[in-house]
Amino acid sequence: MAPQGMLGELEEIRGDLRRFLIARMGSEADADDLLSELWIKISSAAPGPVSNPRSYLFRTANNLVLDTIRSARRRERRESDWTADQVAGEIESTEVADRAGNAEQALIERDEVRHLTRAIEKIPKGAQRVLRMHKLEGLSHSEIAERLGISKSAVEKHMAVAMTHLRRLLES
Amino acid sequence: MTLDRTYEEAAAWLARQHGQAMDWEAFMVWLEADPRNRAAFDAMALLDSELDENASRISKVIARDDLSSANGLPGVRWATWVGFGGAAVAASLAGLLWVQPAAHERATHDFRSPAAKMVRIAFNDGASIALAPASELRVRGDHMDLQGSAFFDIPHRQGRTLNIRVREFQVTDIGTRFSIDSEPEAVTIEVAQGSVEVSSSGLAKAISLTPGEGLVADPSGGSVRLTSVETQEVGSWRAGRLQFNNAPLALVAQEISRYSGQKVAVDPTISGQPFSGVIAINHGEAPVETLAQILSLEIKTVDGARRLQPHRK
């Protein structure tokens, strides 16, 4: 679909998209920001063949929300790291603050990976298998359904179970 | 409603979004029903992207665990590959490395090519893959994960489908010759023989590419452009030629950097300028000089990188 066509569709369902973004962001101002971002994205880049423009627009809007919350999370982390560095620098010596650089960041990340891996290994077998195929091996839901001889909705259920377990395991 | 139940529902909505038939209206109604639903969904979505960001590292740890429990030796195969990478850097630029895993070992392998050096991987079943310099290919049976570029020559075999993941794209193939190039600027897929299917969550349906057809996607997967290519030029980098057709200069620089091992940057004012033509990257050639001459640009060396910029008046 040409960008004009997609923009036309966007105008057509603008109200629905706005309502969705408000529900998703919890704020009208954030929703309006993302709605303009969506418009810019659609008008500047011609999407490839799109069979269901409505669903494409919802999906794109949903991805913009994810980008936003992801960078908010990263910002939060950076700020808390900065605070930790400052405290370490004041209490101990400047040497500690100097060493708290990339190496330490790498250690924290490695720790996070170990944490995630241990949690994944504790998920019930069936759900764990589907999660590993989807998230680690990169198979799509339909590919997993085909390989395991189960329905796509069974794959979705396994994924939901796996993610629920994973969250609970990481919290404890 | 208990908190656990809320998270279960959030996980279910997240899983549905990865499927084909997502009901966005129903999702909206669920979000509006209780503000805690949104918070639970955000938490699940963040966990989901944490998994995505760490997928290859988690796989490595799991592979090591599996290996050590299988033969009592921790991480043997992985350690071998680390050693191999070091030796490869020392090898000559013009030569090629041949790696021939035994057929039954096809299951789990990680291949990494050093800078300015191509690695050829030959499988016993006749499949062969040329891995471009500074690239990485993870092989898990018929599922592969590519970072960088590679040319695939996969003979058709009854009942076998190869799946290659490159960034957010899935390339599915049952027997063909094609190339995949993933640079920060763009993902390019070109087919010389047979056909492949390309899918992505950003695409409403899979795109089928046949010989002479190609696809260029921007990094976010937001836009996809179909291109036509000369079949004999697909993967021509294997013969030391980089072929460009209306490629932005930034992408040209990234590819020259990858294949020549020489860091090349482009002045931001000209990074979007399109370039069409062939650049030789054989040993002894000076690809940056060639490009600068063709486009009448100036070369400046900044921090060890060659930087292309317009002539200063």
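The structure presented is a predicted model; accordingly, all values stated were derived computationally and were not measured. Per chain, numbering begins at 1; letters A, B, ... match sequence-line order.
- Checked by atom type and distance alone, the side chain of B/Gln170 pairs as donor or acceptor with a backbone atom of A/Gly138 at under 3.5 Å.
- Atom OH of B/Tyr7 sits about 15.5 Å away from atom NE2 of A/His165, to the nearest 0.5 Å.
- With a 4.5 Å cut-off on side-chain heavy atoms, A/Met133 and B/His143 do not count as touching.
- Side chain of B/Arg57 to main chain of A/Arg114: no donor-acceptor pair is present (N/O by atom type, distance under 3.5 Å, no hydrogens or angles).
- Contact of A/Asn62 with chain B is made through the side chain alone, with heavy-atom distances under 4.5 Å.
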(message) As a quick check of understanding, evaluate side chain to side chain contact (heavy atoms under 4.5 Å, CB included) for A/Leu131 and B/Leu51, giving each step before the final call.
(response) CA-CA 10 Å; A/Leu131 178 117; B/Leu51 283 179; 4.2 Å; yes
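- Top candidate by heavy-atom pairs under 4.5 Å with chain B, chosen from A/Val155, A/Val161, A/Leu139, is A/Leu139.
- Residue A/Thr164 comes nearest to B/Met44 through the heavy atom pair CA-CE, 4.0 Å, listed as atom of the first residue, atom of the second, then distance.
- Contact count against chain B (heavy-atom pairs under 4.5 Å) is highest for A/His134 among A/Lys157, A/Met159, A/His134.
- In this structure the side chain of A/Arg24 reaches within 4.5 angstrom of the side chain of B/Phe27, judged on heavy atoms.
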(message) Assess the residue pair B/Arg165 and A/Glu137 against the criterion (salt bridge (charged side-chain N to carboxylate O under 4.0 Å, His left out)); give the C-alpha distance rounded to whole Å, side-chain angles, the decisive distance to 0.1 Å, and a yes or no.
(response) CA-CA 9 Å; B/Arg165 177 152 85 150; A/Glu137 294 168 35; over 6 Å; no
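- Summarising the geometry of A/Ala160 relative to B/Ala15, their closest heavy-atom pair is N-CB, 4.2 Å, with the distance given to 0.1 Å.
- Only the side chain of B/Asn163 comes within contact range of chain A, with at least one heavy atom under 4.5 Å from a heavy atom of that chain.
- Looking at every heavy atom in both residues, B/Met28 comes nearest to A/Asp16 through SD-O, 3.9 Å.
- Only the side chain of A/Leu170 comes within less than 4.5 Å of a heavy atom of chain B; its backbone N, CA, C and O stay farther away.
- A/His141 and B/Arg16 share no side-chain donor-acceptor pair at under 3.5 Å.
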(message) Run A/Lys135 and B/Glu50 through salt bridge (charged side-chain N to carboxylate O under 4.0 Å, His left out) and show every step you take.
(response) CA-CA 10 Å; A/Lys135 302 308 294 184; B/Glu50 217 167 304; over 6 Å; no
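- Residues A/Arg70 and B/Glu53 form a side-chain contact, since some pair of their non-hydrogen atoms from C-beta on lies under 4.5 Å apart.
- The structure places OG of B/Ser59 at 8.0 Å from CD1 of A/Ile120, a figure rounded to the nearest 0.5 Å.
- Counting heavy-atom pairs closer than 4.5 Å to chain B, the top-ranked of the candidates A/Leu166, A/Thr60, A/Leu66 is A/Leu166.
- Heavy atoms from other residues, nucleotides or ligands lying under 6.0 Å from CZ of A/Arg54 number more than 12.
- The contact between B/Leu46 and chain A is made entirely by side chain atoms (from C-beta outward), counting heavy-atom distances below 4.5 Å.
- Both the backbone and the side chain of A/Leu136 come within contact range of chain B, with heavy atoms under 4.5 Å apart.
- Although no hydrogens or angles enter the test, the distance criterion places a donor-acceptor pair under 3.5 Å between the side chain of B/Arg38 and the main chain of A/Met25.
- Proximity to chain A (any heavy atom under 4.5 Å) is restricted, for B/Thr172, to the side chain, taken from C-beta onward.
- Residue with the most contacts toward chain A among B/Asp52, B/Val29, B/Asp42: B/Asp42 (heavy-atom pairs, distance under 4.5 Å).
- In this structure, the portion of A/Arg168 lying under 4.5 Å from any heavy atom of chain B is its side chain and not its backbone.
- With rounding to the nearest 0.5 Å, the separation of CG in A/Leu116 from CG in B/Leu47 is 7.0 Å.
- At most 12 non-hydrogen atoms from other residues, nucleotides or ligands lie less than 6.0 angstrom from CD of A/Glu12.
- Under the 4.5 Å side-chain criterion, counting only non-hydrogen atoms from C-beta, A/Arg132 is not in contact with B/Ile58.
- Ring pair A/Phe20/B/Trp24 is perpendicular by interplanar angle, where above 60° counts as perpendicular and below 30° as parallel.
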